[in-house]
Protein chains: 2
Amino acid sequence: MEQFRVGEMVVAPGMTLLEEGQGSAHLFTVLSGLGIRSTMLENGRRQVINFLFPGDFIGLQAGLAGEMRHSVESTTSMVLCVFNRADLWDLFREQPERAYDLTWIAAVEEHFLGETIASLGQRDATERLAWALLRIHERLSAIGLAERGRVPMPWRQQDLADALGLSLVHTNKTIRRLRETGHALWAGGTLSIDRERLAALALVDPDRPRRRPLI
Amino acid sequence: MEQFRVGEMVVAPGMTLLEEGQGSAHLFTVLSGLGIRSTMLENGRRQVINFLFPGDFIGLQAGLAGEMRHSVESTTSMVLCVFNRADLWDLFREQPERAYDLTWIAAVEEHFLGETIASLGQRDATERLAWALLRIHERLSAIGLAERGRVPMPWRQQDLADALGLSLVHTNKTIRRLRETGHALWAGGTLSIDRERLAALALVDPDRPRRRPLI
DNA sequence: CGTCACCTTGATTAGATTCAATACAAGTGG
DNA sequence: CCACTTGTATTGAATCTAATCAAGGTGACG
């Protein structure tokens, strides 16, 4: 992968890396830090499409040559590995294994978006929150960011609300209930969960691990 | 692509091509006909992830080697081109252009799922229906299935409802309103729309054409 | 002519939004 | 060092959208 790497990029929290509607000559992978990928509707409402974790690939969704249809912003400070979009074709010709991995990543991403669609379409507020917190916790645990069951949770309630299609107020009240019932404790930028019970609430099979490839 | 083609498959309407939870040794492209890709939640509710049109690629989302996490069924009779999943690696090694196209397709798919997420999260029932009907109409028009503005629309209201996260009843009432206001006429398996006004209702920019690649 | 699949419609209820305040902590400038 | 702004979290009350419940209606088909 080395020869396609343009460089490394360090960004401060709260920065916009990619702007909806802009073209971008670069692709990125997240080396560290957490972020958000989102779009705006014409009416100004924001939808968070997914949260970004170390290992995620950014920019492919624009179409392999196209213009961004979503924004990417950093939540914490992030370190990104930068690739040249124009070199992608060379990658496919010269390193089929890497190209294969890339496609794998896109396919897995697509699968996860499908799960998100199922959540937004079929789960109620409590189930959605349970599902999201579980998912985030598992993802962060998988990359080794858990300490005694507690993972960093730097996003705002508003971000969760925008990701799940709920209002901020309702999100807040639902989180409170999850806290009171001991399903999930999210405070001070940190999250810990009662995995079994949260999975039951979220209508998720807790035994099926969600593997993720790395590039 | 010829050398990777295993064969052609013709299926009757209403058949299940791929079952959630089953492994599949094959990948498909839709040559003709329309279908549905969906999942079930643990509580038995169905989510339609997307509708399938000629040109769509099926099976990549399972992960390049994995087990199906969704079902695929035919709505009309369909003709599919069948590929061997095991040959995929050869494709990447021997035909980088084709591999590139494949990745492109996955990326575009992913982009469209992102749009769906935005709809489920941020649009109300009327907007969602408008958006869905517009999208279906444009897609079918793009592949030349429109006749004097009318396209085939073989899905049931229940399918639309499951795709948009709405109840059948509410979907029905909303469609009626769209019909009464002249935004969209869907009857007898055929759909015609007032494109401009429907796009306005759907909060979509009507001038941005949605290109799709073909393999 | 009865059954089945799908569409349609009215009445009622529940879940989520919106509105409106309050609380609290971290900065910032005078 | 304190008043003041700013961003985020919290909570109660009022309202509304969409779900659920419960019947019909229609057309195809054996």
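To find a chain, count down the sequence lines: A is the first, B the second, and so on, and within it residues start at 1.
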Undergrad: Round to a whole Å and report the spacing from NE2 of B:His170 to P of C:dA11.
TA: 17 Å

Undergrad: Write down the distance between CG (B:Leu168) and P (D:dG25), rounded to a whole number of angstrom.
TA: 18 Å

Undergrad: Quick one: label A:Arg179 by what it contacts on the DNA or RNA (base, sugar-phosphate, nothing), any heavy atom closer than 4.0 Å.
TA: sugar-phosphate

Undergrad: Using whole Å, what does the distance between atom P of nucleotide D:dG25 and atom CZ of B:Arg176 come to?
TA: 16 Å

Undergrad: What I want to find out is whether A:Glu42 reaches A:Arg45 closely enough, with some N-O distance under 4.0 Å, to be called a salt bridge.
TA: no

Undergrad: In whole angstrom, give the distance that lies between atom CH2 of A:Trp186 and atom C1' of D:dT10.
TA: 13 Å

Undergrad: Check the distance between D:dT17's C1' and B:Leu129's CG and give it to me in whole angstrom.
TA: 14 Å

Undergrad: What residues from residues 149-165 of chain B pass a heavy-atom cutoff of under 4.0 Å to DNA chain C?
TA: B:Arg156, B:Gln157

Undergrad: Ignoring backbone atoms, establish whether B:Asn172 has a side-chain N or O less than 4.0 Å from OP1 or OP2 of C:dT8.
TA: yes

Undergrad: Looking only at side-chain N and O atoms, does A:Arg177 come under 4.0 Å of OP1 or OP2 in D:dT11?
TA: no

Undergrad: Starting from P on D:dT10, measure out to CD on A:Glu180 and report it in whole angstrom.
TA: 11 Å

Undergrad: Any donor-acceptor pair under 3.5 Å between the side chain of A:Lys173 and the base of D:dG12?
TA: yes

Undergrad: Any donor-acceptor pair under 3.5 Å linking the side-chain atoms of A:Ser24 with those of A:His26?
TA: no

Undergrad: Taking 4.0 angstrom as the limit, do B:Glu138 and B:Arg195 come out as a salt bridge?
TA: yes

Undergrad: Between the side chain of B:Thr190 and the main-chain N/O of B:Val151, is any donor-acceptor distance below 3.5 Å?
TA: no

Undergrad: In whole angstrom, give the distance that lies between atom CZ of A:Arg123 and atom P of D:dA19.
TA: 17 Å

Undergrad: A:Leu120 has an atom CG; how far is it from atom P of D:dA18, in whole Å?
TA: 15 Å

Undergrad: Using 30° and 60° as the class boundaries, would you call the ring planes of B:Phe83 and B:Phe57 parallel, tilted or perpendicular?
TA: parallel

Undergrad: Just checking A:Trp131 against A:Phe112, ring centres under 6.0 Å apart?
TA: no

Undergrad: Salt bridge or not for A:Glu115 and A:Arg123, using N-O below 4.0 Å?
TA: no

Undergrad: Let's see if you can work this out: which of C:dC19, D:dA18, C:dT8 has an atom nearest to the side-chain heavy atoms of A:Val169?
TA: C:dC19

